[in-house]
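Chain letters run A, B, ... following the sequence lines, proteins first, then strands; residues in each count from 1.
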Number of protein chains: 2
Amino acid sequence: MAGRKATGSPGVTRENLADAALLLLEREGPKGLSMRKVAAEVGVQAASLYWHIRNKEELLDLASDALWEGYTPLPPGRTATADTWRDCLATASRRLRTHLLTHAGAVRVLAGRFAPGTRSPGPMEEMLALLRRAGFGPADTADAAYTLLTWVQGFVLHEAVPMSAAEEHGASPQEAAAEARERLAGLPADRYPHLVELAGELSGPGMDSRFEFGLARLLDGLEVLRGR
Amino acid sequence: MAGRKATGSPGVTRENLADAALLLLEREGPKGLSMRKVAAEVGVQAASLYWHIRNKEELLDLASDALWEGYTPLPPGRTATADTWRDCLATASRRLRTHLLTHAGAVRVLAGRFAPGTRSPGPMEEMLALLRRAGFGPADTADAAYTLLTWVQGFVLHEAVPMSAAEEHGASPQEAAAEARERLAGLPADRYPHLVELAGELSGPGMDSRFEFGLARLLDGLEVLRGR
DNA sequence: ACCTGAACACCGTTCAAGT
DNA sequence: ACCTGAACACCGTTCAAGT
């Protein structure tokens, strides 16, 4: 009985196992996730898990589904006028990043496990809807949504991994950024002149503005396509 | 003596261990990489590895360095005229994708381990050089390079993982694509109307054209910024 | 300086056996 | 239908001991 999770319905269900896996991933990192611990988390022996799931691989798939649980697309909100499609896509992208960052500890392990659309349809469906409403054709819509999702996930991956690595190492984000800068600045200047020169710009902790930069470029690019 | 790798210099060096790890990763997948197997690969006992490296974590870091070994930036080639910076960036991005796909089996494990620039400076330095030569300022150059690298890696991650998963499962790319399409088309059409409608577009095996789409948008966006 | 053997605590997974 | 105990083959890592 001890260790049964408070949230969700009580039994040993696939959902509860996924939640427990996700929780362990975020609380203790990659090494914290083992069948035995997941089992303990739901108050059962490790061998019992195999009645509900095929293997650890499947458990990770379930966990990557569970990661999207709290993500709900924006309410339709104000009606879409011609000049707000850009803002809508921007908001959706920002919310996507925020949501992934919420689960930063799990992103590294689960990255690449959620193919856009197939595994957890929510975010992809939202992007597709916004793009179609903006007037993009079917093919462009699919490609654009894929580009957006793929970029956000790549961005967050590079954002979340050092974050959780630094905090695992017991360093503050500032310390981690300073350390990164020094590593860059310490490279051989003859082989990597630009890295050395731009060490400050590259290692700054301004992830928000970096995200906004990429987002603006992507949306500008879509605007160019749309106006063609 | 049996099992010593043919390539590279013979001793048990950190480089050789990294190469062996990378090789195992690509040949046998994530489960194929263990300290004991790496040790066997270089003809030594598992415990010996700890004389050369701190732990498995460090070995993976070394392997993610080794992944970039074969990657050399384009020779300066023709002198940069004002209208070729776009082509240069496009070529660099494509080469980056190709190189990562060459190590598709290792990408999943190593993803997020190579922060752009810090770990393996080659690709980042190349991007920075091209962007500066194109006339972008320091801040924009740093942000643009980060965006490009981050997107390529996100893209390849989503491209490589299903690839290696499908082949591990013994399915052809076409079969995998067909399976993905059916999963999308089988979603509840009331909740995911666009996913169902665009199932064909989303799951097509045309990864090359999808990549070109994203690349074109990104470069268009940079062009807008540059012309401002 | 570099390697080994043996050991420790821990894995994922299976399977007969229980209820 | 669901869970357990015990077992199997395998981990990462440490450490005294060898040369």
Trainee: Can you sort out the partners of A:S209 under side chain to side chain contact (heavy atoms under 4.5 Å, CB included), two or more places apart, ordered by chain and number?
Mentor: none
Trainee: Could you check whether atom CZ of A:R27 has more than 12 heavy atoms from other residues, nucleotides or ligands sitting under 6.0 Å from it?
Mentor: yes
Trainee: Please name all residues satisfying side chain to side chain contact (heavy atoms under 4.5 Å, CB included) with A:A104, sequence neighbours left out, ordered by chain then number.
Mentor: A:A160, A:M163
Trainee: CZ/A:R191 to CD/B:E125 distance, rounded to the nearest 0.5 angstrom?
Mentor: 9.5 Å
Trainee: Flag yes if more than 12 heavy atoms outside B:E179 fall under 6.0 Å of its CD atom; otherwise flag no.
Mentor: no
Trainee: Could you tell me how the ring of A:H99 sits relative to the ring of A:Y71: parallel (under 30°), tilted (30 to 60°) or perpendicular (over 60°)?
Mentor: perpendicular
Trainee: Under 3.5 Å between N/O atoms: give me all the protein pairs with nucleotides 12-16 of chain D, atom names plus distance.
Mentor:
unit_1: D:dG12; atom_1: OP1; unit_2: B:M35; atom_2: N; d: 3.3
unit_1: D:dG12; atom_1: OP1; unit_2: B:K56; atom_2: NZ; d: 2.9
unit_1: D:dG12; atom_1: OP2; unit_2: B:M35; atom_2: N; d: 2.9
unit_1: D:dG12; atom_1: N7; unit_2: B:R36; atom_2: NH1; d: 2.5
unit_1: D:dG12; atom_1: O6; unit_2: B:R36; atom_2: NH2; d: 3.2
unit_1: D:dT13; atom_1: OP2; unit_2: B:Y50; atom_2: OH; d: 2.8
unit_1: D:dT13; atom_1: OP2; unit_2: B:K56; atom_2: N; d: 2.9
unit_1: D:dT13; atom_1: O5'; unit_2: B:Y50; atom_2: OH; d: 3.3

Trainee: For a quick test of reading the model: is some side-chain N or O of A:H52 closer than 4.0 Å to OP1 or OP2 of D:dC3?
Mentor: yes
Trainee: Under the side chain to side chain contact (heavy atoms under 4.5 Å, CB included) test, which residues partner A:E69, sequence neighbours left out?
Mentor: A:D19
Trainee: Would you call A:E201 and A:R181 a salt bridge, taking side-chain N to carboxylate O under 4.0 Å as the test?
Mentor: no
Trainee: From B:S93 OG over to B:L215 CG, what is the distance, rounded to the nearest 0.5 angstrom?
Mentor: 5.0 Å
Trainee: If a pair means Watson-Crick or G-U wobble with both distances below 3.5 Å, what does DNA chain D look like in dot-bracket form, with | marking bases paired to a different strand?
Mentor: ||.|||||...|||||.||
Trainee: Using whole Å, report how far CD of A:Q45 lies from C1' of D:dT4.
Mentor: 7 Å
Trainee: Is the centre of the B:F211 ring less than 6.0 Å from the centre of the B:W151 ring?
Mentor: yes
Trainee: Could you check how far CH2 of A:W51 sits from C1' of D:dC3, rounded to whole Å?
Mentor: 10 Å
Trainee: Can you pull every protein N or O that's under 3.5 Å from an N or O on nucleotides 17-19 of chain D?
Mentor:
none

